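On a predicted model such as this, the values are computed, not experimentally measured, just so you know.
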Amino acid sequence: TNQEPDKIMFFPHFFQMLDVYDLLSFDNPDGGVWKQGFDISYQDNEWDNEPLQVFVVPHSHNDPGWLKTFDDYYRDQTQHILNNMVVKLHEDSRRKMIWSEISYFSKWWDNIDEQKRDAVRRLIESGQLEVATGGWVMPDEASTHYSALIDQLVEGHQWLERNLGVKPKTGWAVDPFGHTPTQAYLLRQAGLSNMLIQRVHYTVKKHFASQKTLEFFWRQNWDQDSSSDILCHMMPFYSYDVPHTCGPDPKICCQYDFKRLPGGRISCPWRIPPQAITDNNVQERAQTLLDQYRKKSKLFRTNVLLVPLGDDFRYTEAVEWDQQFDNYQKLFDYMNSHPELHVQAQFGTISDYFEALRKSTGMDPVGINVGQLALPVLSGDFFTYADRDDHYWSGYFTSRPFYKRLDRVLESHLRAAEVLYSLTLANIQKYGQPNDYPSVDNYKLLTEARRNLGLFQHHDAITGTGKDWVVVDYGTRLFHSILNVKRVIVSSAHWLVLKDKQTYFHDPSNPFLQMDDVQPSQDALPRKIIFEVHEKPRLLVVYNPTEQARMSMVTVYVTTPKVRVLNALGHVVRAQVSAVWNDASHAAADVFQLSFVAQAAPLGLSVYQLMEGMEPRTEAAKYMFLQDGRQISVSELEHFRQFYQQDAAPVHIENPHLKLSISTATGLLEKMRLKEDDSEDLVKVEFVLYGTTSNKDKSGAYLFLPDKEATIIHSSSIVTLKHILGLILRNVHYAQVVLQILFNYHFYISTSQVQPRKTMAKLPLQANFYPMTSMVYLQDSSGRLSLLTAQSLGAASLKSGQLEVIMDRRLNQDDNRGLGQGVLDNKITANSFRLLLEKRSSADENEETAPYSYPSILSHMSYMYLNHPLISMAVNQRSDNPSLTPYSPLSASFPCDMHLVNLRAIQSKVWGGPSEQAALILHRKGFDCGFSNRNTGLLCTTTRGKVNITPVSLSLMHTHNSDADPQEISLKPMEIRTYRLQLS
């Protein structure tokens, strides 16, 4: 409705986004000048007792890659913005500016002299320049995994601490396409008190504006008290540009963007240009602007008003600084010298605004002690975003899936390398003698990898919304860093397994260990390395990057079928040799697949010998293996040959837990039988296509605008995804391929925490797709079917018991959001999933209604196995076989629900190499106790969140209670904490 906000009852003090969605009708009436809102009116005397306090916050949104690469933007625009900033802020102490992307700031810092650095430090000390958020980038919040969000935040904050001694107070996220409470939690844990968000569904913005709830304390779904609360400001209008930030009327606000003065390169689309402020027009111009300020302030509960002033890559030229700052200063001077206007206007930073806001509500100036709580508390998230009409931004949840997968490959390898590197530094200190280990070179490789991974978390990178050549630039960075962190893993593992450390010799051109796979280029799938096996034993080192002991299958390619595997004690390990298929019907004659179950200590390195000669125990050949080491009985390959015949009878694969029926016609799963209760579930798996709409606006990199229902892809031969993608790449120019699984349960989906979702009939199909970063599940009172994923993709449950995941998209056209191209650079992508079926052992009465839900322990562990597989390395052929010994750093497994997010060496403040400290980041996972742990084969237990190891803030900037006992630490469910460890 278009009624004034004052006539509407205020919302309850605490509200949940799921309830808000239930409440809203999602109609889209014309709101007048504020198209998506309503008319705003006020009385002239409203500010007589307490004047309006206006903070105009200059900002420049610098994308680290989008239409240009990171380096090209830096060269053409960003360096000039920062250079001019130093000069122009220095000219007038009333001028202010905020900056957020440390990726750019650090590159610029490396290129300026000490005199300019001192000038920057002075601007920060005087409060003229503020670093907001302080992450490496302003990250996407849909496709990013929480561990990479932490990593880019730590990288930015550590850089700030070393170079500027700055601790950010306020988050600034004007451009990510939807917002997650996970990011709010991470900012809060990193010691920030406030945050700002912008891209939220226009109907939600209008509703919040009408209720004056645009400012709220954002609380985690699972939080029982206020410990996770962070003060959040939601911008009310369409965009973060100047036309949509001074007030509700963009035609008027555009006249106050003085970069658009006549004669410049950009103008106002509403056809009324700005006028330079003079003595003759200042009265009218100030009153017109004040009218917008007053109207905007009516959407909030206090007399403190935020007015951002900026846009993408603004303030590049000196003349723009003068146009904006000089004209605004004249307006402020006029306003402030006329007490009858009851306004105090000035430039400010984002924290200046929040400090004034907190003061006006009687809150604690920085912390979360809220005084008389004037603001409501909200839980939930802000997906899926629509900026206008039915234009839902659910396409980018899948766009460029090859790189969404590559992101996770680097993330997993970087974590593995960080942990092994820190353990190696500690081990070397114990050893205490000079050595050849490349600690400084490795630290440089880790730093570069952290930064390349961090860069890719940017909201135009992992999202798949950059130009083709920009995507290649990101891909090349990820690819090089994967190669480099493998070098760190190999050189560290070499040190740790070597019995006689004095024989350690680092030769980068001929490393002692060799990884078992290699990726040939940035856009190709990895391929297995083939290890030669002769009479002399070939040593294999297996690294377990997880913090729990595990039994998992290792598969390597070898040159002979006559091979046996021995463990470090010389005992024979049961193994199997299988064919390597060149194509559907031809097996290779000179390469064989060797599989065996490795026993791996937590964070440990195991050693195995591969020797030529038949495995003495022939029954081993009757086994095939599931990835987690549970055996499945299959009589050799007979059944698998049936896949290539059109027999009617399905193929059965089983183990002690599960029996699967697979169609011989399609190769797809049809039935799952759980042996614990002998229940059978029918499963239907199919591949479908969505075309794009025939309307003028079509799907693109960001938007999903489907034509109608999906079309099932029928294939008489075996359906493989390769087939289907091939089909699309040849014939279709605007499609999405979707994997559909039909089952009979309700819908939950994870960002970094599991968010219950309601599929709403009142919304268009594309609005019911959500980001799936780690898992999605369907459940009812008796059981749960989880799909665990090793890459981020869009997912939906459009009908009860049906799950669909968008695997790839191909788009002939742009969707008018600035990218200026379609998406036609599809790659063969190895998307990876696990399907987990579980029966409930105890019912949870609140499960249907609770605003949160947890995976089971088994689901968490399966997710770890999928995303952090064992890493196999063979001793180089040319090396003499030295004495190797298994390495086991922990006395016991971590509890099942305690995840080692990272063990990250901290840079020395004195030089470029590592210090003697590392950041230990732990996450206690919330889990659902209603699923049985019996017979799951898990080699860990739970300890109510206790581990024995002094706590600091998430990004190591704030030290908590340093006299606390440094031994036993305890985390609440879902809590993420960082500890500073001494590597000695």
Side-chain angles (χ1 to χ4, degrees), residues 63-66 68-73 101 103 107 135-140 142-156 396 398-418 442 444-490 515 517-527 545 701 773 789-793 808 823 825-832 867-869 871 902 904:
D63 288 303
W66 180 36
K68 298 180 185 178
T69 63
F70 172 78
D71 288 332
D72 286 353
Y73 270 138
E101 300 80 9
S103 49
K107 184 177 174 73
W136 200 246
V137 295
M138 182 188 291
D140 170 53
S143 302
T144 45
H145 191 264
Y146 78 92
S147 58
L149 285 175
I150 293 172
D151 212 53
Q152 66 83 32
L153 192 62
V154 172
E155 191 59 33
Y396 83 91
T398 294
S399 297
R400 269 78 173 239
F402 181 89
Y403 296 100
K404 285 178 162 69
R405 173 74 194 117
L406 196 61
D407 162 76
R408 295 297 177 83
V409 172
L410 175 55
E411 191 183 303
S412 161
H413 278 84
L414 174 58
R415 176 187 169 278
E418 295 269 20
N442 278 355
K444 284 181 183 151
L445 296 178
L446 287 176
T447 301
E448 189 195 354
R450 292 165 178 175
R451 293 177 174 186
N452 284 337
L453 181 66
L455 188 72
F456 196 67
Q457 306 315 302
H458 161 55
H459 58 263
D460 287 304
I462 193 170
T463 52
T465 55
K467 290 273 191 195
D468 285 353
W469 61 89
V470 178
V471 172
V472 170
D473 180 66
Y474 288 133
T476 304
R477 290 168 184 269
L478 295 175
F479 169 62
H480 283 304
S481 286
I482 289 169
L483 296 177
N484 286 337
V485 297
K486 284 180 170 182
R487 286 165 58 186
V488 176
I489 291 171
V490 158
M515 285 279 179
D517 70 349
V518 64
Q519 187 176 334
S521 65
Q522 62 89 21
D523 60 352
L525 294 177
R527 55 166 194 256
T773 55
T789 182
Q791 60 287 311
S792 235
L793 297 165
D808 204 350
V823 178
D825 55 356
N826 306 72
K827 316 264 179 266
I828 297 289
T829 303
N831 280 333
S832 190
N867 281 270
H868 301 285
I871 295 173
N902 211 341
R904 187 184 203 266

Problem set entry | Sequence neighbours excluded - salt bridge (Lys or Arg N to Asp or Glu O under 4.0 Å) pairs with any residue from residues 451-464 | Glu155-Arg451
Rounded distance [0.5 Å steps], [atom1] in [X] versus [atom2] in [Y]:
{"X": "Asp473", "Y": "Lys467", "atom1": "CG", "atom2": "NZ", "value": "15.0 Å"}
{"X": "Phe70", "Y": "Glu101", "atom1": "CZ", "atom2": "CD", "value": "10.0 Å"}
{"X": "Arg408", "Y": "Leu414", "atom1": "CZ", "atom2": "CG", "value": "14.0 Å"}
{"X": "Thr144", "Y": "Glu411", "atom1": "OG1", "atom2": "CD", "value": "9.0 Å"}
{"X": "Asn902", "Y": "Asp151", "atom1": "CG", "atom2": "CG", "value": "6.0 Å"}
{"X": "Ile489", "Y": "Asn484", "atom1": "CD1", "atom2": "CG", "value": "11.5 Å"}

Donor-acceptor contact present, side-chain [X] to main-chain [Y], <3.5 Å:
{"X": "Thr476", "Y": "Val472", "answer": "yes"}
{"X": "Ser399", "Y": "Ala701", "answer": "yes"}
{"X": "Gln457", "Y": "Leu453", "answer": "yes"}
{"X": "Lys827", "Y": "Ala524", "answer": "no"}
{"X": "Arg405", "Y": "Ser832", "answer": "no"}
{"X": "Ser792", "Y": "Ser143", "answer": "yes"}
{"X": "His459", "Y": "Met138", "answer": "yes"}
{"X": "Ser412", "Y": "Asn867", "answer": "yes"}

Exercise. Is there a side-chain contact (heavy atoms from CB on, under 4.5 Å) between Leu478 and Gln522 once you walk through the steps?
Worked result: CA-CA 8 Å; Leu478 295 175; Gln522 62 89 21; over 6 Å; no
Problem set entry | Sidechain N-carboxylate O distance under 4.0 Å for Arg400, Asp407 | no
For this session: List in chain and number order the residues that pass salt bridge (Lys or Arg N to Asp or Glu O under 4.0 Å) with Lys107, two or more places apart in sequence or in another chain; answer none if no residue qualifies.
Result: Asp71
For this session: For residues 464-489, pull every pair meeting ring-ring contact (aromatic ring centres under 6.0 Å, His included), keeping only residues two or more places apart or in separate chains.
Result: Phe456-Tyr474
For this session: Give me the one residue out of Ile482, Leu455, Thr69, Leu410 that meets side-chain contact (heavy atoms from CB on, under 4.5 Å) with Arg477.
Result: Leu455
For the residue pair [X] and [Y], establish whether any side-chain heavy-atom pair is separated by less than 4.5 Å.
{"X": "Asn826", "Y": "Phe402", "result": "no"}
{"X": "Pro401", "Y": "Gln791", "result": "no"}
{"X": "Arg450", "Y": "Arg904", "result": "yes"}

